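When reading the values below, keep in mind they use all heavy atoms of this one structure, side chains included, and skip hydrogens, waters and symmetry mates. Just so we're on the same page: letters track the sequence lines, and every chain starts at 1. Just so we're clear, the structure is a prediction, and the values are computed from it rather than from any experiment.
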Amino acid sequence: MSGRARINGTSSATSASTNGKGPILQRKVSKLLDKKIGQQADRMTVDYPAKPEDAAGLNGVVKKEVVVGEGPRRAKRKARKPAIKDESSDDSDTPLQTKRRRTSNGVKAISVVQSSDDDVPLAKKATQKNRKLTTPKAVIKDKKPLALISKDDSSDSDIPLAAVKLAKEKKNIAAKVTRTEDKKPAVKANGTKRKTVIKDESDSDAPMKAKRAPAGRKSNGVKKEESSDDDIPLAKKAKPTPKKTAAVKKQTNKDSTPDTKVPAPKGKGKAKKEDTPVDAETAEEEEEYKWWENQAETDGTQKWTTLEHNGVLFPLPYQPLPKNVKLKYGGVPVTLSPAAEEVAGFFGHMTDTPHAQNAVFTANFFKDFLKVVKESGGAKDASGKKINMKEFTKCDFSDMHNYFVAERDAKRTMSSSEKKALKAEKDKAEEKYLHCILDGRKEKVGNFRIEPPGLFRGRGEHPKTGMVKQRVQPEQVTINIGKGVPVPPPPKGHKWADVINDNTVTWLATWKENINGNIKYVMLAATSSLKGMSDFKKFEKARELKKHIDRIRADYNRELKAELMADRQRATAMYLIDQLALRAGNEKGDDEADTVGCCSLRYEHVTLEAPDLVIFDFLGKDSIRFYQRVAVIPQVFKNMKIFKKPPKTTGDMIFDRLDTTQLNKHLQNYMPGLSAKVFRTYNASWTMQQQLAKIPNTGSLHDKYAAYNEANKIVAILCNHQRTVSTNHDSMMQKVEEKIKALRYQKLRLKRQILFLEPERKKKKPDFFKPDPEIDDKTWILEHQQSLVEQEKDKIRKKFEKENEKLVENGEKEQKHSELKERLEVIDEMEAEFKEENKTGTVEPKLRGATVEKLESQIEKLDEKILKQETDAKVREGNKTVALGTSKINYIDPRLSVMFCKKYNVSIEKVFPKTLREKFKWALESADDSWEF
DNA sequence: CATGCATACTCCGATTCGGTCTC
DNA sequence: CGAGACCGAATCGGAGTATGCAT
């Protein structure tokens with residue numbers, strides 16, 4: 001261990017992983033990205049909750065400045081090639097020869113504490129593998145992956161607490177890190193794969209050299225490398241226990257050969273009956289197939305045996321507009337072919353949406369529109385003269401738009417019987433497509449409707465947004481169906497592109513869409529057994545990961561110091577994926593929106609703030625902004641610094657030696673089927689479990705439900721699931737605020753009534769009669785009183801008018817205006833009362849039988865109301881940008897929710913709406929009140 | 001105070017685009 | 001290595017429900 005004491009200590013890193021440090025999500029700031037085109041840099045201030053256990057004392061709310069949408073992202077996006085060039089320079093392929101000692105940074109003190117284990121020379125380590133693997137595990141008490149959950153987490157491995165940070169802030173670590181790399185001769189040990197060796201300025205250089213011994217492995221290519229990665233054969237070790245463990249627990253009756261692949265029952269349920277346990281048979285003839293009670297081990301390639309369905313439903317053909325409704329060009333009504341008119345109509349529908357203000361959208365639309373116009377005979381004016389449309393800005397869609405709006409309104413105001421008739425008609429047309437018959441069972445089909453034509457609404461800055469999505473013809477549609485069953489007839493006069501019988505896929509029909517060339521499918525609904533089974537498998541896979549997670553974390557924490565750049569990047573990426581729940585981040589093309597995930601992060605997406613803060617700011621899936629300012633372990637910080645080192649600059653990949661394929665391949669070694677996204681499922685469900693465990697089993701149903709939602713919210717934040725705040729959110733919040741104030745004023749008046757009855761009370765209970773600080777504002781009270789007065793007036797007037805209407809209707813005479821005046825005199829009284837009230841601070845109770853007791857009970861009721869309104873408002877404000885649904889549907893193992901409901905005696909309906917109950921039927925029946933993820 | 005009714009708001013499900021990952 | 005097959009995602013419109021108001 002001589003001289004080998006690590007400065008930043010592996011032990012902290014290791015412990016961080018093994019005792020399950022979780023995503024540091026409480027630091028998360030979820031804020032919607034400003035999606036406007038031509039992003040300007042808007043500055044805004046964001047509140048986010050500080051880590052509760054944060055020892056630095058960042059309690060309450062921390063203000064962060066967030067910059068929205070800055071800089072040209074695409075501008076400097078480079079090919080990944082430059083990496084090669086880098087290699088000759090600094091860090092790449094450079095073995096670490098010399099060991100740099102860090103002498104003067106603040107971290108040193110910590111380093112002393114490093115455990116011996118980690119300081120064992122690498123060469124030796126290999127031989128100690130077993131120990132290495134087992135020891136830390138034994139020490140682990142708390143496997144929780146999430147930092148926020150456990151207090152102790154923060155204490156040990158979360159060394160970088162804010163206080164510490166500040167203390168270290170100005171130290172020269174940073175400078176050191178960047179300056180300390182030396183150029184070393186490149187090593188190209190292998191022909192197949194280029195490796196970059198990282199020099200780690202700080203510490204472990206010497207051991208690295210030793211470790212290079214296994215370099216031989218490199219020459220053997222990928223496979224070898226992976227297996228030797230850990231001298232233990234991971235893949236093998238990974239599953240000392242065969243499949244049995246996971247899903248099958250419940251199956252008592254599956255005595256038929258467990259390992260042989262039992263394909264779906266042949267024929268229609270006959271085969272099924274034979275190997276279906278008795279209890280699975282139900283009396284109903286339409287017996288429900290409980291696949292989760294009858295788990296057949298299939299290899300998964302064959303998805304069905306028989307399949308019957310009725311094909312797809314095409315949208316109605318275009319209905320031309322009335323002759324008087326036209327697009328105008330330069331003020332002149334334009335006559336178009338139906339095809340062109342339809343496209344114009346697409347836009348006409350959207351003139352009041354933000355799309356119409358999007359330059360890319362309009363440009364793409366107009367280009368495609370002109371093409372259609374040209375191909376369909378051009379545009380003419382009323383006299384038949386050609387109109388040559390050239391400028392989008394001269395187009396006036398308002399006639400069309402108004403027409404559509406009117407149409408919609410007409411539909412809305414239709415009588416309910418008409419609506420019903422219309423719906424019945426629609427249902428009838430759709431009926432036969434709703435279900436298919438799969439392996440003899442009726443299953444719901446999902447999206448049997450062919451997508452109608454329209455304008456492509458790409459999300460974010462999609463280069464193709466606004467392009468015309470063409471009408472799909474039967475000739476483009478391929479049908480997939482079982483052999484020997486009737487093929488659904490194509491629409492009259494048409495043919496299918498093809499009819500196939502492929503039982504290795506789950507789709508019933510497919511076509512190619514014209515915008516991106518993507519393939520679209522008609523598949524079964526989420527409630528179907530096919531989807532249900534794969535959903536179930538997904539969660540079982542995530543649970544399987546539980547068994548490997550400690551080892552995986554230990555490994556990547558160790559490999560954060562790997563000498564090979566690729567390994568180190570991979571480890572760092574795994575850290576991010578595990579801790580921050582990032583997506584894998586596949587490469588994307590230039591004809592898509594510029595969004596990234598972990599592997600595709602670029603220089604400009606990450607900012608470092610010594611000593612340990614990493615700021616992520618990028619657009620993820622759906623161009624949803626991911627912004628997080630997060631403290632990472634020292635080694636990760638160091639690595640990020642290295643990965644950002646010059647000559648890398650804006651546009652360059654952070655992980656230039658890593659891609660998702662490599663990453664997933666590596667993960668496969670740990671566990672079959674493991675890929676990056678499993679971590680999201682795992683961490684989400686795990687977090688949920690931890691959160692639910694904290695909920696006390698007391699209190700009202702409402703409280704429990706609220707607590708459940710809070711847990712759900714934490715998961716949603718972890719996964720960065722956002723939603724746009726509704727346009728009227730602010731006004732709604734204001735309304736609620738006013739409402740609460742009004743209630744408070746009511747309360748005040750009740751108290752004043754008490755004082756009227758028993759003035760001496762004020763001395764007895766001064767606290768009770770202290771002014772309510774929330775409405776301790778004379779002008780507000782006056783305004784409020786005024787508005788109450790106005791309301792009253794309005795009511796009286798309205799009532800008066802209504803009465804008159806009725807009188808007129810009945811042929812009688814209207815009441816005189818003087819009558820109204822008379823009635824309005826009450827208002828004068830009211831105003832006088834207010835005045836009196838403001839003067840004396842008491843209110844004469846209106847009701848005869850008013851007693852102090854009655855008033856007090858009314859006050860209590862008001863208090864409840866106020867509290868409810870306030871908590872509701874708080875929740876709404878807190879959830880305005882957080883979408884809970886996505887995690888509930890896709891990431892949180894439904895059995896957790898079922899467990900929660902059973903254990904806490906909450907009805908499942910409260911937690912799962914109908915469709916989810918159906919989708920998760922398997923979970924409803926297989927989890928009890930003590931089920932664990 | 002219960003009831004009926006119109007309106008506001010919420011929430012749900014459908015939709016369709018955007019990812020991941022495998023072969 | 002790109003096509004293919006799925007899973008995951010936010011959004012949108014409408015159904016359903018709460019709310020407010022008059023009776």
Result for 5'-nearest mapping on DNA chain C, choosing between A/H721 and A/Y521, is A/Y521
Identify, between A/R408 and A/T504, the residue whose nearest nucleotide on DNA chain C lies closer to the 5' end. A/T504
Look at all strands and tell whether [X] reaches a base, only sugar-phosphate, or nothing, counting heavy atoms closer than 4.0 Å.
| X | value |
| --- | --- |
| A/R680 | sugar-phosphate |
| A/M732 | sugar-phosphate |
| A/T506 | sugar-phosphate |
| A/G597 | nothing |

Assign each of A/K910 and A/L674 the nucleotide of DNA chain B bearing its closest heavy atom; nearer the 5' end lies the nucleotide of A/K910
Walking DNA chain B from its 5' end, the first of A/P913 and A/N518 to be reached, judged by nearest nucleotide, is A/P913
Is [X] near enough to [N] that one of its side-chain N or O atoms lies under 4.0 angstrom from OP1 or OP2?
| X | N | answer |
| --- | --- | --- |
| A/K520 | B/dC17 | yes |
| A/T724 | C/dA10 | no |
| A/S675 | B/dC21 | yes |
| A/T915 | B/dG13 | yes |
| A/T510 | C/dA5 | no |
| A/K919 | B/dG13 | no |
| A/K531 | C/dC7 | yes |
| A/N586 | B/dT20 | yes |

Is a donor-acceptor contact shorter than 3.5 angstrom present between the side chain of A/K621 and the base of C/dG8? yes
Looking at the base of B/dC17, is there any donor atom on it, or on the side chain of A/R457, that sits under 3.5 Å from an acceptor on the other one? no
For residues 427-434 of chain A, please give each side-chain donor-acceptor pair under 3.5 Å, one per line with the distance, not counting sequence neighbours.
{"unit_1": "A/D427", "atom_1": "OD2", "unit_2": "A/K423", "atom_2": "NZ", "d": "3.4"}
{"unit_1": "A/E430", "atom_1": "OE1", "unit_2": "A/R449", "atom_2": "NH1", "d": "3.2"}
{"unit_1": "A/E430", "atom_1": "OE2", "unit_2": "A/R449", "atom_2": "NH1", "d": "2.1"}

Looking at the side chain of A/W507, which of C/dA5, B/dT15, B/dT16 is the nearest nucleotide? C/dA5
The side chain of A/R876 is closest to which nucleotide in this list: B/dC17, C/dC6, B/dC9? B/dC9
Is there a donor-acceptor pair closer than 3.5 Å between any side-chain N or O of A/K713 and the backbone N or O of A/L884? no
Summary of protein contacts for nucleotides 16-22 of chain C, nucleotide by nucleotide, where a base hit scores B, a sugar-phosphate-only hit scores S (4.0 Å, heavy atoms): ----S-S
Using the ring of each side chain (for Trp, its six-membered ring), is A/F626 parallel, tilted or perpendicular to A/F618, with breaks at 30° and 60°? parallel
Which word best sums up how the rings of A/H349 and A/F404 line up, parallel for under 30°, tilted for 30 to 60°, or perpendicular for over 60°? parallel
On a heavy-atom basis, the closest approach of A/D591 and A/N516 is O-OD1, 4.3 Å
Side chain to side chain donor-acceptor pair (under 3.5 Å) between A/D578 and A/N683, worked out: CA-CA 8 Å; A/D578 185 24; A/N683 275 318; 3.0 Å; yes
For the OG1 atom of A/T353 and the CG atom of A/N358, what is their distance to the nearest 0.5 Å? 9.5 Å
